[in-house]
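Inspection log for the structure reproduced underneath, given as structure tokens.
If you read the sequence from its start, that first residue is 1, and numbering goes on from there.
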Amino acid sequence: MIKYLVLLFPLFAFSQSGEITYGEFIGDTVINLGSIKKDRVRQVIQKQINDKRKALEKDFDVYTMNFNNEKSFFHPISRMESDANRAYQNAITKGSFYRNINENFVFRKLNFSGKILRIKLPTNQFDWKIINKFQTINGLNCQKATAIFDNGVGGTSIVKVWFTEDVPINIGPKNYIGLPGLIVKVKHLGRITYLKSLKFKQNVKINFPVQGEKMTLDEYNNKLTEFMSY
């Protein structure tokens with residue numbers, strides 16, 4: 001069972017800058033393995049799911065997000081090299097996500113086949129529907145929202161989140177943005193990302209990297225399709 005840490009920082013002291021840690025685990029998979037006819041393919045996919053679930057079964061601090069009034073920077077927490085940590089690294093989402101709130105853009109920086117890419121992501125990927133359901137998470141008053149996610153290559157999936165206006169800044173883990181408050185918890189494609197701790201800090205500085213090849217999400221999807229076709 002996931003145990004949430006209680007926030008010790010009063011919300012009235014919120015300075016719109018600070019540091020968040022997120023955990024992550026693999027829940028019920030959305031893949032219908034029974035529909036896969038080839039036994040070998042089905043077994044490989046099931047093993048991959050099981051390996052990821054096992055690698056994340058401990059309540060790790062998986063990601064960190066620094067933020068201020070203008071920007072946020074979300075990235076995985078690095079761990080020492082070992083067999084267990086290699087499995088862990090294979091289980092988590094790769095790359096770093098940078099959000100410019102005022103100029104309304106997000107880009108993802110990642111290593112693709114030995115090359116650094118900076119992929120500009122659309123900020124309108126999520127057409128949120130705010131639901132009249134509420135929950136307290138880590139002492140934060142949260143509300144539910146859902147969206148249909150279009151992956152740009154013909155597939156769609158449902159995203160479910162909890163967000164809080166107690167922290168009224170339009171940011172969230174990875175590229176989940178677009179709500180009137182911090183996104184605290186995300187469930188998407190069986191992967192659950194959840195806030196573990198929040199520390200308010202003064203004068204958090206975030207510098208966006210300048211290295212790496214720039215491309216759009218469509219260009220990256222085309223590059224990925226070509227790479228997988230070899």
Side-chain angles (χ1 to χ4, degrees), residues 16 20 22-32 35 62-63 65-76 92-110 117-138 140-195 198 206 208 214-225:
Q16 286 198 329
I20 298 169
Y22 284 93
E24 191 164 76
F25 66 97
I26 308 297
D28 296 333
T29 177
V30 297
I31 300 173
N32 181 8
S35 65
V62 180
Y63 307 102
M65 182 165 68
N66 299 309
F67 66 93
N68 57 33
N69 291 329
E70 300 177 348
K71 300 173 183 178
S72 68
F73 168 46
F74 176 94
H75 61 99
I92 65 177
T93 300
K94 305 298 187 296
S96 304
F97 294 80
Y98 297 81
R99 165 86 163 122
N100 188 308
I101 300 166
N102 292 339
E103 297 182 20
N104 195 29
F105 71 81
V106 178
F107 74 83
R108 180 182 181 185
K109 177 187 172 186
L110 56 76
L117 304 180
R118 286 188 295 158
I119 306 157
K120 189 171 184 179
L121 304 176
T123 55
N124 61 347
Q125 281 185 296
F126 305 102
D127 184 13
W128 296 109
K129 178 182 179 182
I130 297 178
I131 310 296
N132 194 32
K133 290 187 177 181
F134 301 88
Q135 186 178 115
T136 300
I137 302 175
N138 273 18
L140 298 169
N141 301 304
C142 299
Q143 187 168 3
K144 188 175 183 179
T146 63
I148 303 297
F149 175 72
D150 183 346
N151 65 11
V153 291
T156 60
S157 53
I158 298 175
V159 186
K160 299 177 182 179
V161 306
W162 292 90
F163 71 97
T164 179
E165 294 188 58
D166 289 347
V167 186
I169 186 169
N170 176 13
I171 57 175
K174 306 175 190 179
N175 61 320
Y176 299 106
I177 60 169
L179 286 162
L182 171 69
I183 295 177
V184 171
K185 186 176 180 180
V186 180
K187 183 177 182 180
H188 188 198
L189 295 174
R191 188 181 291 268
I192 299 172
T193 308
Y194 57 96
L195 182 146
L198 165 61
I206 299 170
F208 283 13
K214 290 183 180 180
M215 63 176 56
T216 66
L217 182 58
D218 286 341
E219 289 170 338
Y220 172 69
N221 285 334
N222 291 336
K223 191 179 187 71
L224 185 61
T225 300

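- Remark: side-chain polar atoms of Lys185 are not paired, donor with acceptor, to backbone N or O of Ile183 under 3.5 angstrom.
- Taking the six-membered ring where the residue is Trp, Tyr176 and His188 present perpendicular rings, their angle passing 60° and hence far from 30°.
- Among residues two or more places apart in sequence or in another chain, the side chain to side chain contact (heavy atoms under 4.5 Å, CB included) test is passed with Thr136 by Asn141.
- Contact between Gly178 and Trp128 at its shortest, heavy atoms only, is O-CD1, 3.5 Å.
- Here Tyr220 pairs with Phe112 under the ring-ring contact (aromatic ring centres under 6.0 Å, His included) rule; sequence neighbours left out.
- For Lys160, the NZ atom sits in a loose shell: 12 or fewer heavy atoms of surrounding residues, nucleotides or ligands are nearer than 6.0 Å.
- Across all non-hydrogen atoms, the minimal contact from Pro76 to Ser96 is CD-OG, 4.5 Å.
- For the pair Asp166 and Thr164, the tightest heavy-atom approach, listed with the atom from each and the gap, is N-OG1, 3.0 Å.
- Minimum interatomic distance between Lys133 and Trp162 (heavy atoms only, all atoms of both residues): O-CZ3, 3.5 Å.
- The ring-ring contact (aromatic ring centres under 6.0 Å, His included) test applied to Phe107 returns Tyr98, Phe208, not counting sequence neighbours.
- In this view, Lys129 and Ile131, Thr146 satisfy the side chain to side chain contact (heavy atoms under 4.5 Å, CB included) rule, not counting sequence neighbours.
- A 4.5 Å side-chain heavy-atom check between Pro180 and Phe163 finds at least one atom pair inside the cut-off.
- Contacts of Asn124 classified as side chain to side chain contact (heavy atoms under 4.5 Å, CB included), with partners at least two apart in sequence or in another chain: Pro122.
- One finds the CG atom of Leu179 at 7.0 Å from the CG atom of Asn170 (value rounded to the nearest 0.5 Å).
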- Steps toward side chain to side chain contact (heavy atoms under 4.5 Å, CB included) verdict (Leu198, Phe67): CA-CA 11 Å; Leu198 165 61; Phe67 66 93; 4.0 Å; yes
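- In this structure, NZ on Lys214 lies 5.0 Å from CZ on Arg118, to the nearest 0.5 angstrom.
- Nearest approach of Asn102 to Glu70, heavy atoms of both residues: ND2-CG, 3.2 Å.
- Considering NZ of Lys174 and OH of Tyr22, their distance stands at 10.5 Å, rounded to 0.5 Å.
- Put simply, the residue from Val186, Ile20, Thr93 that forms a side-chain contact (heavy atoms from CB on, under 4.5 Å) with Pro173 is Val186.
- Across all their heavy atoms, Gly172 and Met65 have their closest contact at O-SD, 3.4 Å.
- Residue Asn66 holds its CG atom at 7.0 Å from CZ of Phe73, rounded to the nearest 0.5 Å.
- The CG atom of Leu121 sits 7.5 Å away from atom CZ of Arg108, with the distance rounded to the nearest 0.5 Å.
- The side chain to side chain contact (heavy atoms under 4.5 Å, CB included) test applied to Ile101 returns Arg99, Ile169, Ile171, not counting sequence neighbours.
- Of the inter-residue distances, the one linking Glu24 atom CD with Tyr194 atom OH reads 9.0 Å to the nearest 0.5 angstrom.
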- Task: Could you walk me through whether Glu219 and Lys120 pass the side chain to side chain contact (heavy atoms under 4.5 Å, CB included) test, one step at a time?
- Result: CA-CA 10 Å; Glu219 289 170 338; Lys120 189 171 184 179; over 6 Å; no
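- When side chains are defined from C-beta on, Ile177 does not count as touching Asn175, because their heavy atoms never get closer than 4.5 Å.
- Using a 4.5 Å heavy-atom cutoff, the side chains of Gln135 and Lys144 are not in contact.
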